Amino acid sequence: MTTTVHLVDDDESHLRAVARMLSVEGFAVRAFPSGEALLAAVGAETRGCVVADLEMPGLDGLALQDALHEARVLMPVVFLSGRGDIPRTVRAMREGAVDFLEKHVPKEELLAAIRRAIAQDAAECGRRERIDEQRRRFDRLTRREIEVLREVVRGLMNKQIAAKLGISERTVKMHRTAITTKVGVHSAAQLATLAREAGIFETQPGGGEAPE
Amino acid sequence: MMASFSLVTILWSMIAAGAALLGLVHLTRWLLDREARADLAFSLAAFSFVGVAIGEVGSMQARDAAEWGLWVRWTHLPLFGLVAGLVAFVHFHLGTGRRWLMWSVIGLRALILAVNFASQPNVNFREIASVDRIAFLGEAVSVVGESAPGRWQFLGTLASLLLLVYVLDAAITCWRTGKFDERRAASLIGGSVVVMVLFAGTYSQLVIYGALQSPFLITPAFVAPLLAMSFELGIDMLRASRLARELHDSQRRLELAADSARLGLWEWDGRRGRVFATRQAREMFGLQEGESGDFRRWLEKVDPDDAPILMREMTRAIETGDEFTMEFWIRPEESATRLISARGRAEQPGTGRPTLLRGVLRDITDNRRAENEAHQLRRELAHAGRVSLLGQLSSSLAHELSQPLGAILRNAEAAEMLLASESPDYEELKAIVTDILRDDRRARQVIDRLRTMLKRREAEFQPIAADELMEDVLDLVRADATSRGIRLEHVPAPGLPPVSGDRVQLSQVLLNLILNAMDAVAAQSGGPKAIVLWSGLAADGAVELCVTDSGAGIPPELARKIFEPFYTTKFAGMGIGLAISRSIAEAHGGSLEAQNNERGGATFRLKLPARKEAA
């Protein structure tokens with residue numbers, strides 16, 4: 001998996017200098033003279049991070065960040081600015097910018113920020129792969145098994161589930177065995193956590209732990 | 001032999017003595033004031049009158065016809081002077097009367113004089129056979145007896161009539177055109193002369209033609225006009241003395257006014273090389289009363305650099321008769337120097353070329369100091385305005401500086417790493433150095449621009465192209481506009497004449513207008529935020545530099561206030577921006593006006609006169 005640093009700056013000279021420095025440092029670098037050019041070249045699957053100038057004509061840094069979100073490009077963004085502008089900084093951080101740096105910070109700070117961003121991208125990527133795997137496991141459950149699972153996650157006992165769904169307590173036990181086999185988790189608590197992570201149920205079930 | 005106490009002799013002598021005295025008085029006056037020509041005319045008449053009186057007394061005491069005739073003959077000489085003096089007096093005193101009539105009278109009298117001495121016994125008589133002794137004023141006097149009137153006697157009659165016409169004409173013209181004083185003179189002189197001529201003329205005719213046996217009575221007849229003339233001149237003298245008093249008063253008033261205005265009055269008489277000056281003028285130069293007459297003492301106080309120029313200017317004024325103005329430094333004491341403004345004009349006391357220079361002195365040291373201070377203050381204020389403007393621009397300027405500086409830093413870091421490697425890529429290092437040098441130049445340009453704007457400096461006027469100036473200023477604010485989402489547009493007008501101005505100050509005005517416009521459009525609720533800079537030629541030939549914004553415009557109640565100092569709607573800023581901008585525009589001979597656009601927003605219009613094409 002290659003991780004690329006995507007540079008965006010309208011100032012050609014500054015763009016070239018940063019690209020040069022990062023290349024020498026060993027990063028794979030792609031340089032773009034504007035936000036529009038970056039948007040045209042990346043997609044949801046692109047890995048790495050974005051290092052963007054905050055002040056640009058046309059699409060400025062913050063607008064670019066919004067546009068990337070919209071295009072489901074979830075690479076972290078490191079902002080560079082020629083000026084210290086507190087309100088913008090706050091907004092940029094809230095929107096998920098990893099870092100906000102002034103242009104003349106020492107190399108080490110910039111590299112650290114880029115590495116943090118790449119690490120975050122990698123972590124986010126791994127997390128999403130795990131969720132996808134779990135989702136695939138839940139996908140093997142039948143419709144009736146999902147119904148039973150929902151009540152289990154809510155914390156109901158087998159007798160209560162049987163009464164609620166209008167089936168025998170034995171049938172409930174059968175379904176539960178099937179669920180634990182398919183998902184690979186035994187306790188009701190672990191099941192609930194997993195389901196929540198995979199986002200199976202829209203609403204979060206309340207209640208305590210099911211006794212067994 | 002005659003009686004020892006002759007009444008005629010006494011009377012005639014008294015009259016003659018009085019006339020002689022009056023004549024002497026007025027002759028003296030003429031000698032002292034050559035302009036008093038009426039006085040000269042009068043004294044001629046008065047002394048001639050004495051001659052006539054002597055002649056009459058002589059004829060009255062003549063022992064025989066021959067002697068009588070001789071007296072009459074010689075009496076014509078003073079008679080000529082009497083008439084000439086009289087007409088001259090009328091001419092000079094009344095100022096009216098026809099010149100040709102005057103000369104006719106004098107000419108005719110001269111002719112009579114010539115005929116008189118050419119004929120025997122005189123012009124009046126062809127023949128005098130005898131003289132009679134008759135009683136006159138209680139004594140026996142000689143009068144003409146057997147006689148025949150002269151062939152040219154009619155000339156005398158004509159002369160009297162001409163005199164009558166001349167005086168009457170002069171008196172009537174004077175009466176018509178004059179005011180009170182002139183009318184009095186006209187009636188007095190005219191009346192007395194007419195009465196005299198009628199009486200003396202008729203009387204003499206009667207005597208000559210033998211209708212009346214009597215001595216000539218010209219002397220008593222002339223007493224009235226002589227007194228009238230003397231009275232007139234006396235009034236003139238009275239008036240002159242009143243004028244002198246008024247002049248003195250007026251001079252006192254003038255001096256008071258000059259003193260309170262701190263003006264020194266001076267007068268330089270080029271012929272005598274003397275200076276007259278008021279106390280104020282003397283004190284200005286630190287001179288004592290005794291030494292102020294000497295022009296050299298004044299010149300010694302003038303700054304050695306200015307003194308030759310002053311001399312040259314004064315000489316020039318005297319030679320050309322022009323006005324003279326100059327400012328020069330003086331050193332009234334060793335320590336202090338003062339700046340003096342002198343104005344004067346050459347005058348011509350006589351009719352020749354000007355020889356008198358007269359004028360005022362004013363100590364303008366304090367005025368000049370105040371002017372300098374005001375100038376200094378204006379400069380400081382303009383500087384403060386620029387500092388404040390750049391303060392508003394600081395983050396945008398920081399951005400402009402950080403681009404090249406950031407690039408330099410990254411390039412240097414890259415170079416450092418390349419150099420640390422085993423086999424440095426020299427091509428890449430060369431490219432890095434080139435980029436670093438270019439970015440350094442960029443940064444320096446930003447700093448130079450800043451330094452120019454921040455310097456305290458005197459204005460330097462030079463030709464400036466309006467659109468070029470606008471581009472320069474746009475470079476300063478572009479980054480700021482970009483970050484605030486404002487579109488900046490420049491619409492140049494090709495072929496505009498250049499204006500004359502100080503680049504920094506005019507940039508300041510434009511910068512101020514653009515920053516205001518940016519604040520105005522930043523506050524606008526909807527629509528695209530745009531500012532347009534455009535230039536053009538006004539109807540009067542002035543160059544216009546305009547800043548139009550799409551903001552809310554100027555509320556009408558504030559239209560007047562925005563140019564006032566310390567009026568501001570902003571939290572930051574001193575509110576002197578527009579006041580300074582307008583004073584800069586006016587110092588350039590231009591103007592700065594604001595108006596709202598028809599479609600919203602406002603336009604600020606900086607008008608500057610087009611530069612006069614230098615040869």
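These values consider heavy atoms only, across backbone and side chains, with no hydrogens, waters or symmetry-generated copies. Chain letters run A, B, ... following the sequence lines, proteins first, then strands; residues in each count from 1. Because the structure is predicted, anything quoted here is derived from the model rather than measured.
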Does any heavy atom of chain A fall under 4.5 Å from the side chain of B/Ala431, the backbone, both, or neither of them?
both
For the side chain of B/Asn411 and the backbone of B/Ala407, is there at least one donor-acceptor N/O pair under 3.5 Å apart?
yes
Interchain contact, B/Leu418 with chain A, by part (heavy-atom threshold 4.5 Å)
both
Most heavy-atom pairs under 4.5 angstrom with chain B, which of A/Val105, A/Leu80, A/Asp53?
A/Val105
Taking A/Gln160 for the side chain and A/Met157 for the main chain, is one N or O donor matched with an acceptor at less than 3.5 Å?
yes
Is it the backbone or the side chain of A/Leu22 that comes under 4.5 Å from a heavy atom of chain B, or both, or neither?
neither
Tell me whether B/Ser550 contacts the main-chain N or O of B/Ala530 through its side chain, where contact means a donor paired with an acceptor under 3.5 Å.
yes
State whether the side chain of B/Glu413 and the backbone N or O of A/Lys107 hold a donor-acceptor pair below 3.5 Å, judged by distance alone.
yes
Among the options A/Arg20, A/Met21, A/His14, pick out the one with the most heavy-atom pairs lying under 4.5 Å from chain B.
A/Arg20
Closer than 3.5 angstrom, by distance alone: can the side chain of B/Thr482 be matched with the main-chain N or O of B/Arg478 as a donor-acceptor pair?
yes
In terms of heavy-atom pairs under 4.5 Å with chain B, which of A/Met56, A/Lys103, A/His104 leads?
A/Lys103
Can any side-chain N or O of A/Arg72 pair as donor or acceptor with the backbone N or O of A/Glu70 at less than 3.5 Å?
no
Among B/Leu405, B/Leu401, B/Asp435, who wins on heavy-atom pairs under 4.5 Å with chain A?
B/Asp435
salt_bridge(B/Arg487, B/Glu489) N-O dist < 4.0 Å:
yes
Checking B/Ile436 against chain A: side chain, backbone, both or neither under 4.5 Å from a heavy atom?
neither
Region of B/Arg438 in contact with chain A, defined by heavy-atom distances below 4.5 Å
side chain
